[in-house]
Amino acid sequence: MIVKAIAIDIDGTLTHKDRSIDCRAVECLRSLDIPIVLATGNVLCFARAAAKLIGTGGQIIAENGGVVSLEYDGREYYDGDIDACERAFDALTKHLGVHIQKLDSEYRKTDIALRRNFDAADARQIVGKDIDVVDSGYAIHLKNKDVDKGTGLFRIAGLMGIDASDFAAIGDSENDMQLLAASGFGVAVGNAHPALAAAADLVTAGEYGAGVVEAVRYLASCKI
């Protein structure tokens, strides 16, 4: 397999533990001459700013696959039913018995992000069958079950004229599971959730950004 592009998560993958960008990982990505897609649960405006700073060219999967954007295309593509997520949020507010706080709600188009002050497992018993409750480690997301980073990868790969199987994917969290599954080669950095590590083709010894450096060097050396 020849890797034609890389899809990579941001928080917990391209960052240090404190969420600051790991400049070593950035430098390593900038050394490549293949497209880099940022795949994040965060909002599009955040991802676009990160893409500018990192220098990845503006290919973005945001909101856990609900939003896809190509800078050179000039368009944004949306998947997901935000109204269904709002109904799930209302149910959580009614039944959980804790104050639930939305994050970045004015910018989100397809999912809802919540502060991590409740148990995601409890929330899953309350929301409807069409809604996923995903704990990224940084926020708890309410999203449609048929939308994820994997569907986002298929969408953006088609727009770029590349098969999803020609991508390598790098991540750390459970919400990266479908991203790795959709790609041709999946990498979990050393701090990854155990479920993601179990599903990956490669688990790096290095954690966070150090794992990205290790993964990129591995991909470059063996030309998988």
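What's counted below: heavy atoms across the whole structure, side chains too, no hydrogens, waters or symmetry copies.
Under a cut-off of 6.0 angstrom, the local environment of CD in Glu27 is sparse, with at most 12 non-hydrogen atoms contributed by other residues, nucleotides or ligands. Taking a 6.0 Å sphere around NZ of Lys52, one finds it holds 12 or fewer heavy atoms contributed by other residues, nucleotides or ligands. Within a 6.0 Å sphere centred on CZ of Arg124, heavy atoms belonging to other residues, nucleotides or ligands number more than 12. The environment of Tyr107 atom OH is sparse: at most 12 non-hydrogen atoms of other residues, nucleotides or ligands sit within 6.0 angstrom. Heavy atoms of other residues, nucleotides or ligands lying less than 6.0 angstrom from NZ of Lys4 number 12 at most.
Test Asn42, Thr40, Thr110 against Glu63 for side-chain hydrogen bond (donor to acceptor under 3.5 Å, both in side chains) and you get one pass: Thr110.
Asp163 and Ser165 share no donor-acceptor pair across their side chains, judged by distance under 3.5 Å alone.
By the rule that hydrophobic residues join a cluster once side-chain heavy atoms approach within less than 4.5 Å of another member, Leu196 and Leu202 end up as members of separate clusters. Linking Ile, Leu, Val, Met, Phe, Trp and Tyr residues whenever their side-chain heavy atoms come within less than 4.5 Å leaves Met160 and Phe154 in two separate clusters. Tracing side-chain contacts under 4.5 Å through hydrophobic residues (I, L, V, M, F, W, Y), one never reaches Ile112 starting from Leu103; they form parts of separate clusters. Both Ile162 and Tyr77 belong to a common hydrophobic cluster when Ile, Leu, Val, Met, Phe, Trp and Tyr are linked at side-chain heavy-atom distances under 4.5 angstrom. Hydrophobic clustering (ILVMFWY, side-chain heavy atoms < 4.5 Å, transitive): Ile61 and Leu44 are in distinct clusters.
Using a 4.0 Å cut-off between charged side-chain N and carboxylate O, Lys143 and Asp148 make no salt bridge.
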Checklist entry - Stepwise, does the side chain to side chain donor-acceptor pair (under 3.5 Å) test hold for Ser173 with Asn175? => result CA-CA 5 Å; Ser173 180; Asn175 70 332; 3.2 Å; yes
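Note: Thr15 OG1 to Tyr138 OH = 4.5 Å, rounded to the nearest 0.5 Å.
Here the side chain of Ser221 pairs a donor or acceptor atom with the backbone of Arg217 at under 3.5 angstrom.
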